[in-house]
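In what follows, a structure is listed as structure tokens, so that the remarks can point back to it.
The shown structure was predicted, so the numbers you read here are calculated from the model rather than taken from an experiment.
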Amino acid sequence: MGNVAPPRSRRESSGPLRCAMRYCAGPCWTSCISRYSNTPSTHDIQQSPARYAPGAPRRGPSRLFPAASFPTAPSNPPAEHPGHSHESNSILVWLFLVLAPLLLAWPLPLVGGSHLLANPDKEAASHVWGLWAAWRQWQPLVIRTDLLAWPNGMKLVLVDPGNLLAYGLAGWAGPAAGYAAVLWAGLLVAGLAGLRLARRLGGSPLLGALAAMACPALLASASEGTTEDFAVGWVLLQLSLLLDFVEGGRLRHGILAALSLAMAWYCGPYNGLWASGIDLALGLWWIFQARRAGVRPLLRALAVGAAALLLVAPLAWATSTQRDPGLPGSAQRAGLPQVMEAPGEFRGGLWYGADILDPWLPVQITGGQGATSHTVYLGAVTLLLAMAAVWKDRGSRRESSGPLRNASHHCAGPCWTSCISTYFNTPSTPDIQQSPARYAPGAPGDDRLPAAASFPTAPRRWPWLAGAMLFTLLSLGPHLYLGGKVLTWNGSPLLAPAGVLVLKLGFLGRLTRWYRAGAVAHLLLAPLVSTWKGKRLAPLIALLLLADLVLLAPLSWPLQHAPLPDAAPFRAAQGQGGAVLEVPAVSTAAPAPGGWRDQGLLLQTIHGHPITGTILGQPPPAQAREASLLARRLARGQHISASQRKKLLEAEFRWLAIYPGLLPPPRDGWKGVEALLGPPLGSSDDVILFSLDALAGQ
């Protein structure tokens with residue numbers, strides 16, 4: 001270990017000039033860049049492996065400068081505590097990744113156990129119920145349950161079983177805590193992806209992590225309550241691991257890449273589609289570059305894809321064969337959606353595509369903020385810094401004629417014109433020092449040093465910006481909207497890029513929520529933002545990112561949050577069996593202002609009794625519908641026949657829950673119900689609970 005520098009110092013000292021030196025041997029090149037590195041070049045070690053082998057005696061200073069003139073870390077680390085600095089930095093990085101989401105998703109640490117960070121009239125209740133039921137019954141894919149539509153039950157497919165891992169961390173403390181854990185984990189994964197990609201571009205890892213986590217589209221999805229949107233970070237995390245495996249061939253990276261790609265699918269079908277689309281584009285480029293870089297990159301990518309396909313097979317089977325055909329994503333609902341003009345929903349939700357102005361401009365300029373949270377706002381600070389980083393990189397490459405240009409022509413050839421080869425790196429000097437024979441010229445079986453043409457001297461930046469713009473165009477959805485109104489040409493609605501794709505590739509018509517591509521676009525910009533590093537510059541940029549998120553992004557901060565419905569009346573039924581008759585049997589009914597949509601589902605995650613209600617707007621079975629009609633008669637204080645009472649008792653209905661916020665009370669209140677069933681066991685603004693035991697004696 002004495003001849004190998006700490007990993008972090010080596011990583012930080014890598015860059016365009018150092019990578020070029022690894023390939024080039026000319027003294028002119030060495031003289032131009034020797035001040036950036038104190039290690040021998042790859043070419044020197046390959047020509048004289050014995051000289052630079054571990055333990056070899058030194059032969060004096062460099063040919064041009066003494067060893068003390070090189071500013072980077074020495075090859076021999078201090079004898080005392082050789083890994084202490086690296087370990088301390090790792091601890092700080094992980095503390096940042098763990099704690100930063102608590103600030104960005106504020107007030108999550110204060111109310112995460114009692115409130116849902118969501119708009120109550122959106123989809124949070126149904127998504128929380130899905131995770132709760134799957135965790136409770138240990139059915140991560142196909143949920144066959146009698147908890148809903150009692151006594152017949154229902155069969156459902158959970159679309160984001162991968163989030164069960166996060167839900168299980170805190171779900172024992174209640175549904176709100178489980179939901180908060182899913183949001184926290186999603187932000188952490190996004191930060192980890194931003195950190196890894198920042199290192200790939202030579203940027204500041206912490207700044208890259210913050211830029212990825214401060215994603216308006218990701219945080220806005222919390223208001224909508226769609227938990228699969230929280231996991232978009234897996235799209236970029238699997239990309240970073242895939243590139244590591246392709247460039248290095250390490251089995252560990254290959255396994256992690258396959259697992260991450262599978263997790264993208266298991267955490268939501270859209271995440272899997274975005275990840276697979278990126279990987280497919282890279283695979284096509286590797287096919288195009290096969291003559292230059294060889295077939296190893298392509299074979300490694302195919303291996304990751306095949307392994308991920310095997311892992312995703314159970315999810316594909318469940319979704320394609322077990323899901324109700326009338327649900328979103330099914331063939332019955334495929335095709336272009338009808339055009340809707342709704343200026344009040346400017347900012348998203350226009351049949352699930354974004355407004356043209358939404359990605360680029362803050363709400364103070366556009367003046368439009370719709371009721372939905374489907375924003376794809378990229379962030380003015382993020383976008384400007386990313387574009388400036390690409391422009392700066394372009395200028396530095398143009399100015400690098402001379403030694404850099406000659407060296408690249410000498411040892412890399414056409415690599416400067418290769419777009420995808422920018423993701424590769426050469427083996428480090430410590431690697432070659434440890435195994436000099438492996439990297440000697442002409443050594444057989446070298447799987448970490450492909451042809452020089454596949455490795456440029458520095459990663460390019462413009463492909464990341466190009467990818468972000470591509471996903472931004474996809475986020476506009478099937479049609480083009482401006483200010484909440486559809487754009488037309490000769491009376492026909494103008495199609496956005498997604499609409500053109502739907503016409504050409506019919507299966508894409510099953511996608512509806514195209515706005516989710518906006519979060520991927522923002523994450524692709526994060527590593528570009530990280531390249532503006534420096535002791536003073538990085539903290540300033542971090543403050544600007546936070547200011548943009550808090551002041552300019554079209555979402556409320558602190559994030560919108562609402563308390564769970566009051567389930568105190570169900571304490572009387574705690575520890576007792578029996579199903580609950582709901583009035584009304586809520587599914588997607590529109591609640592009163594401030595009330596919870598799918599209120600019965602949220603209450604069930606607290607009391608745990610079977611209910612007559614359903615989910616996702618699915619109609620209840622015949623027996624449940626009949627029971628609901630009888631429950632309405634009871635709620636109006638009307639008597640029911642002996643045969644009807646018998647049916648209710650045989651079906652093991654024991655409790656009557658009335659939701660006053662969804663059912664207007666009779667003129668005399670609930671006195672008629674009390675005359676039939678006795679006084680309520682408990683009541684709150686959300687629910688009034690009666691016992692049906694009195695029916696047995698009538």
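- Taking the ring centroids of Y515 and Y270, they lie at or beyond the 6.0 Å cut-off.
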Exercise. Please assess W464 against L197 for the test side-chain contact (heavy atoms from CB on, under 4.5 Å), listing each intermediate value before the final yes or no.
Key: CA-CA 10 Å; W464 300 93; L197 292 175; 3.6 Å; yes
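- Interatomic distance, CZ of R250 versus CG of L241, reported as 13.0 Å (0.5 Å rounding).
- A centroid separation of 6.0 Å or more is found between the aromatic rings of F245 and H253.
- Residues G191 and A209 approach most closely at O-CB, 3.3 Å, considering heavy atoms.
- Inter-residue side-chain proximity for W286 and V246 is flagged as met; some heavy-atom pair is nearer than 4.5 Å.
- R513 has no carboxylate O lying under 4.0 Å from a charged side-chain N of E228, or vice versa, which leaves the two without a salt bridge.
- Residues L385 and L544 form no side-chain contact, since every pair of their non-hydrogen atoms from C-beta on lies 4.5 Å or further apart.
- Each of T319, L164, L141, N163 was scored for a side chain to side chain contact (heavy atoms under 4.5 Å, CB included) with L158, with one residue passing: L164.
- Smallest separation of non-hydrogen atoms from A118 and Y179: CB-OH, 3.7 Å.
- Within the 3.5 Å criterion, the main-chain N or O of W265 finds no donor-acceptor partner in the side chain of N271.
- Across A262 and A308, no two heavy atoms sit closer than the pair N-CB, 4.3 Å.
- Between atom CG of residue L219 and atom CG of residue L183 there is a gap of 7.0 Å, rounded to the nearest 0.5 Å.
- Proximity of P161 to L315: side-chain heavy atoms (C-beta onward) are separated by under 4.5 Å at one or more points.
- A 4.5 Å side-chain heavy-atom check between L523 and V232 finds at least one atom pair inside the cut-off.
- For the pair D393/W462, no side-chain contact is recorded, criterion being any heavy-atom separation below 4.5 Å from C-beta on.
- The two atoms that bring A517 and L474 nearest to each other are CB-CB, 4.1 Å, heavy atoms only.
- Under the 4.5 Å side-chain criterion, counting only non-hydrogen atoms from C-beta, P205 is not in contact with V93.
- A heavy-atom distance below 4.5 Å is found between the side chains of V111 and L117.
- Of the inter-residue distances, the one linking F288 atom CZ with L298 atom CG reads 14.0 Å to the nearest 0.5 angstrom.
- No side-chain donor-acceptor contact under 3.5 Å links E247 to the backbone of D244.
- Between the side chain of S221 and the backbone N or O of L218 there is at least one donor-acceptor pair closer than 3.5 Å.
- The aromatic rings of F471 and W274 sit perpendicular, their planes meeting at an angle over 60°, well past the 30° parallel limit.
- A distance-only check finds a donor-acceptor pair linking the side chain of T531 to the backbone of L528 [under 3.5 Å].
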Quiz prompt | Verdict with reasoning, L552 to V363, per side-chain contact (heavy atoms from CB on, under 4.5 Å) | solution = CA-CA 6 Å; L552 303 181; V363 64; over 6 Å; no
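- Residues meeting the salt bridge (Lys or Arg N to Asp or Glu O under 4.0 Å) test with D229, sequence neighbours left out: R516.
- With hydrogens and angles disregarded, a donor-acceptor distance shorter than 3.5 Å links the side chain of K533 to the backbone of G202.
- Between the side chain of S126 and the main chain of E123, a donor-acceptor pair closer than 3.5 Å is present.
- Listed by first and then second residue, the side chain to side chain donor-acceptor pair (under 3.5 Å) pairs that reach into residues 517-530 come to none, sequence neighbours excluded.
- Residues T227 and D160 bring a donor and an acceptor atom of their side chains to less than 3.5 Å of each other.
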Quiz prompt | Y377/D548 under side chain to side chain donor-acceptor pair (under 3.5 Å): CA gap, chis, key distance, verdict | solution = CA-CA 11 Å; Y377 177 63; D548 191 0; 2.9 Å; yes
Practice problem: List the steps, then state whether side-chain contact (heavy atoms from CB on, under 4.5 Å) holds for W184 with L169. | Solution: CA-CA 11 Å; W184 169 81; L169 292 176; 4.2 Å; yes
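- In this structure, L210 and L546 have side chains that are in contact, with non-hydrogen atoms separated by less than 4.5 Å.
- Between A190 and A212, the closest heavy-atom pair is O-CB, 3.3 Å.
- When D279, L261, L237 are each tested for a side chain to side chain contact (heavy atoms under 4.5 Å, CB included) with L242, only one passes: D279.
- No donor-acceptor pair under 3.5 Å is formed between the side chain of H115 and the backbone N or O of G113.
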Self-check item: side-chain contact (heavy atoms from CB on, under 4.5 Å) assessment of L559 paired with L108
Solution: CA-CA 8 Å; L559 297 185; L108 185 147; over 6 Å; no
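- The shortest heavy-atom contact between P101 and L188 is CG-N, 4.1 Å.
- A distance-only check finds no donor-acceptor pair linking the side chain of R461 to the backbone of V390 [under 3.5 Å].
- Between the W234 side chain and the Y266 main chain, no donor and acceptor come within less than 3.5 Å of each other.
- The CG atom of L92 lies 8.5 Å from the CG atom of L206; values are rounded to the nearest 0.5 Å.
- The salt bridge (charged side-chain N to carboxylate O under 4.0 Å, His left out) pairs that include a residue from residues 162-173 number zero, where partners must be two or more places apart or lie in different chains.
- Here L378 contributes atom CG and L524 contributes atom CG; the two are 10.0 Å apart, rounded to the nearest 0.5 Å.
- How far CD of Q238 is from CG of L236: 8.0 Å, rounded to the nearest 0.5 Å.
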